[in-house]
Amino acid sequence: MRKWPSTTVLALLVVFGVAVPAAADEPGRTGPDNAITDVPGVLVGHHTDRHNITGTTALVIPKGATAGADARGGAPGTINTDLLDPVALQPDVHGLFLSGGSVMGLSAYAGVVQFLREQGLGIKFGGKAVPVVPGAIVFDLGQGADADDPIEQTPGFDAGYQAAKAARSGPVETGSVGAGTGTGTGGPPGLRLKGGVGTASIQLGGGVVVGALVVVNSAGKLYNEADGCELHTLYMELGNEYGNTRRPPRGCQTSTHGNPAPRAGQTDRTVDENTTIGVVATNATLTVAQAEKLAQVAHDGLARAIRPAHTMGDGDTTFALGTRTTGAPDDRGYEAILDAAASTFSRASVHAVLDATPLGGRQPYCQVFRGACDTHRPAVDPAPAGADPAPADIAPADPAPAVANPAPAVADPGTGSGGPGTGSASSAGQALVPALPFILAAAGFWALSRRRATASTRHRLR
């Protein structure tokens, strides 16, 4: 009997809807969760204040990382970036934060530091842990219940502490959460679209992974008006991570007529200050100069996804992390990491706007341009503000259920991994249920083939 090639069998399994797990460390594919947490040693947590429409996102690196930073915007708001200069001391970084609240949001730094100290994380001086925590902020004032107050509630110590405490490995919540809660992005005339938090990853082979996490709060647009308002970097999609996102069927025709007029004392939603900030990470072992270069190249991904970028009113800032769980790359390997950092930053920027939900009078791209994202489901609403998150995943444990863009399964004909929520890798078992009849049919076909092969063999032996 003819033996079927393994590739044919795989193709039949895909056709019949049987979930086939992606090969580990397959070059050119997303990581298991298509998130920065696919980089070993990186944990992410959020603190979201939907009442005042602001928040903080923290990254915790329990074993430390080599770090770099690069600010290209004309109005950055940062802390501890000078320590990351290659000519400075360059201590290990055990935490990093991105926050709303404009310059006041930098006070979230103290909360992240306190949490890390309680965990004994940081460089050691006299037996005491001294965490080095760089960070950056975005401008999101003039929104929420306190928009008219002379002094708004902005992220502070508690926001930083809770975000760090919530840090986990595994799927990352995206969209209108954490530092992306109050963000916006450029839209049609008179309209500001909803920004958010996005993340993505890619495997380069040899155990090397590159991931990015981005907070989009841009003056520039993520779509091309000269090309029917299609997303600038839609072509960079890996697998089916954006779901059925495509050029809007009606081009740049919108489903809305602009944001409501701002109240007295409230920031104009169409012209507020802007900044896109983010982090790229790899598990490769990098020198301090290589980490700095990695942060610089991430801006290439920002400029591909958002146009214009790096304006005088932007505080565009990127950070880079090397967690050192694999060896040092050779020249060719390092070039591959740089290229992946730029493209992954672009893809994470797209996820930020696709996963955003309406908030503060701003609608996301998928609602404004009807038909552009038919099967893309926005991010699950975060837990209520003030909810006490579980302890941080300092000793990485089993991740929580996926709520953000999981990696695409080889045979997932559904919404695609760009759509967060139910399409996670952890639901592969559920995906097999509708395929059960095909599995049984395949098993019957195999049994029948074996029976005929046995009969044929007996006939030849007579």
Side-chain angles (χ1 to χ4, degrees), residues 14-15 17 19-22 28-36 38 171-177 180 185 193-202 211-214 216 222-224 227-251 254-255 304-305 343-358 363-381 401-428 430-431 434-435:
V14 170
V15 169
V20 182
R29 293 184 64 90
T30 68
D33 294 304
N34 197 16
I36 195 170
D38 289 327
V172 175
E173 194 174 11
T174 54
S176 307
V177 296
T185 182
L193 305 185
K194 189 70 189 75
V197 173
T199 190
S201 68
I202 186 172
L213 184 141
V214 180
V216 172
L222 277 88
Y223 60 87
N224 185 0
D227 197 19
C229 287
E230 179 181 298
L231 294 166
H232 285 302
T233 51
L234 184 63
Y235 71 95
M236 300 181 75
E237 177 182 29
L238 290 185
N240 193 35
E241 64 178 327
Y242 301 154
N244 195 29
T245 303
R246 59 191 185 278
R247 181 184 301 178
R250 298 186 297 173
T254 66
S255 61
R304 288 174 187 165
S343 60
T344 305
F345 200 98
S346 294
R347 292 167 44 230
S349 300
V350 172
H351 282 297
V353 296
L354 293 184
D355 296 349
T357 51
Q363 294 181 323
Y365 173 87
C366 291
Q367 286 192 5
V368 172
F369 297 105
R370 296 290 186 184
C373 324
D374 282 350
T375 63
H376 191 283
R377 287 178 290 181
V380 175
D381 283 339
V403 293
N405 41 289
V410 172
D412 181 10
T415 60
S417 65
T422 59
S424 68
S426 63
S427 63
Q430 297 176 2

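The model shown is predicted, which means the values in this text are computed figures rather than measured ones.
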Asks: Can Val197 and Val214 be said to form a side chain to side chain contact (heavy atoms under 4.5 Å, CB included), step by step?
Replies: CA-CA 6 Å; Val197 173; Val214 180; over 6 Å; no
Asks: Any idea which heavy atoms bring His232 and Ala305 closest together, and the distance?
Replies: CD2-O, 3.5 Å
Asks: Specify the closest pair of heavy atoms between Gly195 and Ala356, including all atoms of both residues, with the distance to one decimal.
Replies: O-CB, 3.4 Å
Asks: Arg247: what forms a salt bridge (Lys or Arg N to Asp or Glu O under 4.0 Å) with it, not counting sequence neighbours?
Replies: Asp227, Glu230
Asks: With sequence neighbours excluded, tell me which residues meet side-chain hydrogen bond (donor to acceptor under 3.5 Å, both in side chains) with Ser201.
Replies: Asp38
Asks: Hey, does Leu234 have a side-chain heavy atom less than 4.5 Å from the side chain of Val350?
Replies: no
Asks: Is any side-chain heavy atom of Arg347 closer than 4.5 Å to one of Thr233?
Replies: no
Asks: Out of Thr199, Asn34, Asp355, which residue meets the side-chain hydrogen bond (donor to acceptor under 3.5 Å, both in side chains) rule with Thr174?
Replies: Asp355
Asks: My understanding is that only residues two or more places apart in sequence, or in another chain, count here; which of them pass side chain to side chain contact (heavy atoms under 4.5 Å, CB included) with Pro249?
Replies: Arg246
Asks: Give me the atom names and distance for the closest heavy-atom approach of Cys229 to Pro248.
Replies: O-CD, 3.5 Å
Asks: Report yes or no: does Glu237 contribute a side-chain atom to a donor-acceptor pair with the main-chain N or O of Tyr242 at less than 3.5 Å?
Replies: yes
Asks: Would you mind reporting whether Leu231 and Thr245 have side-chain heavy atoms less than 4.5 Å apart?
Replies: yes
Asks: Locate the shortest heavy-atom distance separating Ile36 from Leu213; write the atom from each residue and the value.
Replies: CD1-N, 3.9 Å
Asks: Are the side chains of Val353 and Leu193 in contact, using a 4.5 Å heavy-atom criterion?
Replies: no
Asks: Under a 4.5 Å cut-off applied to non-hydrogen side-chain atoms, are Arg304 and Ser349 in contact?
Replies: no
Asks: Any pair with a residue in residues 363-373 that passes salt bridge (Lys or Arg N to Asp or Glu O under 4.0 Å), sequence neighbours left out, goes on the list, sorted by first then second residue, please.
Replies: none
Asks: Is the shortest side-chain heavy-atom distance between Lys194 and Ser176 below 4.5 Å?
Replies: yes
Asks: Passes side chain to side chain contact (heavy atoms under 4.5 Å, CB included), Cys373 versus Leu354? Steps please.
Replies: CA-CA 8 Å; Cys373 324; Leu354 293 184; 3.9 Å; yes
Asks: Do the non-hydrogen side-chain atoms of Leu238 and Ile202 ever get within less than 4.5 Å of each other?
Replies: yes
Asks: Can you name the closest pair of heavy atoms from Ala212 and Ala348 and give their distance?
Replies: O-CB, 4.0 Å
Asks: Quick one: side-chain hydrogen bond (donor to acceptor under 3.5 Å, both in side chains) partners of Thr185, sequence neighbours excluded?
Replies: Ser218
Asks: Report the residues that fulfil ring-ring contact (aromatic ring centres under 6.0 Å, His included) with Phe369, sequence neighbours left out, ordered by chain and then residue number.
Replies: Tyr223, Tyr365
